[in-house]
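Below you'll find the structure, written out as structure tokens, and then a few comments.
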Amino acid sequence: MSITRLAANACLLILTLIFHHSNANNIVAAASTAEAPNRRFEYKYSFKGPHLSQADGNIPFWVHSGNAIPSADQVRITPSLRSQKGSVWTKTTVNFDNWEAEVTFRVSGRGRMGADGLAIWFTTAQGLDGPVYGAADNWNGIGIFFDSFDNDGKKNNPAVLVVGNNGKLVYDHPNDGTTQSLGTCLRDFRNKPYPVRAKITYYKRTLIVLINNGFTPDKDDYEFCTKVDNMVIPQEGYFGISAATGGLADDHDVLSFLTFRLSEPGQELPPPEAEMPKQDKDKYQEEFENFQQDLDKKKEDYQKEHPDIQGQPIEDMYESVNDREIRQVFEGQNRIHLEIKQLHHQLAVILDEQRRYVSVATDEISKRQGESGGQVGQAPSQEMGAVVATQQEVLRNLNELRNSFYESLKQIGASQHQGNAVGMGTYETVQHFNDIKEHLHVVKRNIEHLITRNGNPSEKQVMNCPDPPPMPSCLDQ
């Protein structure tokens, strides 16, 4: 008997799910088969990366408050810390009757449960701070809540709720707003592999909420959540999005908020400049005229200061890409030429010093050989000979380095002359650069050889002073 009952319950559950799924698909299909309204993007009520915030940390046409942190790619409404609240709101009110908002966000946290949630608002006032998901209570308008925490213990969270308010209702936190919701659906929006997307459409007094659950990268993979018919909202209001954390905490990040104005098919929307207030239009027109006058005056002053370029095409006044590349090549050549020239000069100074050292050492050897003969001066003479031989080797290496630098200077001078004559990019110019590179490698190898060969022997060949004779003892006297 119990098996039969379980089978009947299972069949009933399957039929319920099939009916719910088919009903949702029918609603979405009906919305898609009906003639879609015209959509126009409204940039003053939207934000999106990668240049979401300005250099001063503000979002164009939006204001943020609380713990909200705008960045280039997203707005972190609240970080994953306890008791945090934040929100972002449009600076100006929305004055069109039908609209659609597409919100992309992430709610992520370490725990199995999170708190408190995120809310999308359309209200007559900016609820910059308050107890309802970081925004003010007693709002006048509508809120779509993404509730993460199960306050009533009924295991019906995470959930999406639609709650309307005329400014007199106090939100029912203990029951997660279920007693006040106009529509709801159970959707787990935490810790998804892709960003979660919500599409909220208000058209002809009907509110439809579609959810992309973030399991696939398909941006258009929406599922039906809820629908509210005969819903009246204020004619003008602010868009906002807020979030809050409690004893548990999640990161609430909003990647984009895109707003579209909807109009009936066949109805043409007025251009944006036609909807601008006359006062603002006159102000912008005056600023433009002043800017144009200043620009014309600067042009006249520049032409008076530079009469030789009057009538010259504007393109000829600026450097082309090829000219800039050639200039950069020649500037690099000049810097290399100056560096090698300076090294050549320093080598000449070192050569003079080495010649002087060899001359002094040779004179000292000749002098000692003349003063002392026989075996007594043989050891010092051998040491001095080794020193002279080492200095002569250094002298030869330095001469080779100097010749290499001289050849490099000649190659650079030839390439610069050829570049000025026929331009860059020819085979001969490239060959000159290769020759210069080879000469610089030769210089490097010679320096390394000189250091390796003369580093250690010089330490061994340092002449030490003879030990002083022993002092006579006072006892011997």
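Below, each value reflects all heavy atoms present in this structure, side chains not excepted, and no hydrogens, waters or symmetry copies. We number each residue from 1, following the sequence as shown. Model, not experiment: these values are computed from the prediction.
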*Is the closest side-chain donor-acceptor distance between Trp121 and Ser242 under 3.5 Å?*
yes

*asked:* Between Thr92 and Glu236, does the side-chain contact (heavy atoms from CB on, under 4.5 Å) criterion hold? Intermediate values first, please.
replied: CA-CA 10 Å; Thr92 57; Glu236 293 187 359; over 6 Å; no

*Please name the residue in the list Val132, Leu118, Asp116 that meets the side-chain contact (heavy atoms from CB on, under 4.5 Å) test with Phe145.*
Val132

*So, the side chain of Ser46 versus the backbone of Thr259: is there a donor-acceptor pair under 3.5 Å, distance only?*
yes

*asked:* Using side-chain heavy atoms (C-beta onward) and a distance below 4.5 Å, is Thr104 in contact with Lys219?
replied: no

*Ignoring hydrogens and geometry, is there a side-chain-to-backbone donor-acceptor pair from Asp250 to His252 under 3.5 Å?*
no

*Under 3.5 Å, is there a donor-acceptor pair between the Asp176 and Asn151 side chains?*
yes

*asked:* Quick test of your reading of the model: are Asp294 and Lys298 salt-bridged, counting only N-O distances below 4.0 Å?
replied: no

*Between the main-chain N or O of Gly109 and the side-chain N or O of Asn191, is there a donor-acceptor pair closer than 3.5 Å?*
yes

*Drop me the distance from Arg197's CZ to Leu210's CG, to the nearest 0.5 angstrom.*
13.5 Å

*Which is it for Val196 and Arg187 under the side-chain contact (heavy atoms from CB on, under 4.5 Å) test, yes or no, and what are the steps along the way?*
CA-CA 10 Å; Val196 178; Arg187 291 291 184 274; over 6 Å; no

*Distance-only, no hydrogens or angles: does the Asn175 side chain make a donor-acceptor pair with backbone N or O of Gly177 under 3.5 Å?*
no

*So, for Leu52 and Ser71, which heavy atoms are closest and what is the spacing to 0.1 Å?*
CB-O, 3.4 Å

*To the nearest 0.5 Å, how far apart are CZ in Arg190 and CZ in Arg112?*
9.5 Å

*asked:* Could you check whether atom CD of Gln235 has more than 12 heavy atoms from other residues, nucleotides or ligands sitting under 6.0 Å from it?
replied: no

*Report yes or no: does Thr78 contribute a side-chain atom to a donor-acceptor pair with the main-chain N or O of Thr245 at less than 3.5 Å?*
no

*Could you state the interatomic distance from CG (Leu169) to CG (Asn138), rounded to the nearest 0.5 Å?*
7.5 Å

_Any donor-acceptor pair under 3.5 Å from Asp150 side chain to Lys154 backbone_ = yes

*Would you say the side-chain atoms of Asn157 pair up with the backbone N or O of Ser148, donor to acceptor, closer than 3.5 Å?*
no

*Could you check whether the rings of Phe257 and Phe239 sit parallel, tilted or perpendicular, using 30° and 60° as the cut-offs?*
tilted

*Should Arg335 and Glu339 count as an ion pair when the cut-off is N to O under 4.0 Å?*
no

*Could you pull out the closest heavy-atom pair between Tyr222 and Asn212, with the gap in Å?*
CD2-N, 3.6 Å

*Looking at Trp99 and Asp97, what are the two nearest heavy atoms and their distance?*
CD1-O, 4.0 Å

*asked:* How long is the straight-line distance from CZ of Phe61 back to OH of Tyr43, given to the nearest 0.5 Å?
replied: 5.0 Å

*To the nearest 0.5 Å, what is the distance between CD (Glu286) and CG (Asp282)?*
8.5 Å

*Say you draw a straight line from CG of Leu207 to OG1 of Thr201; how long is it, rounded to the nearest 0.5 Å?*
8.0 Å

_Positive for salt bridge (charged side-chain N to carboxylate O under 4.0 Å, His left out) with Glu42, one of Lys44, Arg39, Arg40_ = Arg40

_Residue pair Leu262, Phe96: steps toward the side-chain contact (heavy atoms from CB on, under 4.5 Å) verdict_ = CA-CA 8 Å; Leu262 303 181; Phe96 37 88; over 6 Å; no

*Would you say the side chain of Arg106 lies within less than 4.5 Å of the side chain of Asp251, judging by non-hydrogen atoms?*
no

_Minimal non-hydrogen separation, Tyr203 against Pro265, with atom names_ = OH-CD, 3.8 Å

*Take Tyr133 and Asp147, measure what side chain to side chain donor-acceptor pair (under 3.5 Å) needs, and give me the verdict at the end.*
CA-CA 9 Å; Tyr133 303 99; Asp147 192 356; 3.3 Å; yes

*Exceeds 12 heavy-atom contacts within 6.0 angstrom, atom CZ of Arg327*: yes

*Check whether any side-chain heavy atom of Asn58 sits under 4.5 Å from a side-chain heavy atom of Ser53, and report yes or no.*
no

*Do you know which two heavy atoms are closest between Phe47 and Leu258, and how far apart they sit?*
O-CD2, 4.0 Å

*Is the shortest heavy-atom distance from the side chain of Tyr202 to the side chain of Phe122 under 4.5 Å?*
no

*How about Asn213 and Lys192: do any of their side-chain heavy atoms sit closer than 4.5 Å?*
no

*Do Trp139 and Asp137 have side chains that get closer than 4.5 Å, going by heavy atoms?*
yes

*Does a sphere of radius 6.0 Å around CG in Asn230 hold more than 12 heavy atoms from other residues, nucleotides or ligands, not counting ones at 6.0 Å or beyond?*
no

*Thr178 versus Leu161, closest heavy-atom pair with distance*: N-CD2, 4.1 Å

_Polar side-chain atom of Gln180 near backbone of Asp172 as donor-acceptor pair, under 3.5 Å_ = yes

*State, yes or no, whether a side-chain contact exists between Trp89 and Thr123 at a heavy-atom distance under 4.5 Å.*
yes

*Looking at Thr226, Val162, Ile241, which hits side-chain contact (heavy atoms from CB on, under 4.5 Å) with Ile144?*
Val162

*pair Glu102-Ser256: side-chain heavy atoms closer than 4.5 Å*: no

*Over 12 non-hydrogen atoms of neighbours within 6.0 angstrom of CZ in Phe288*: no

*Are the side chain of His173 and the backbone of Pro131 linked by a donor-acceptor contact shorter than 3.5 Å?*
yes

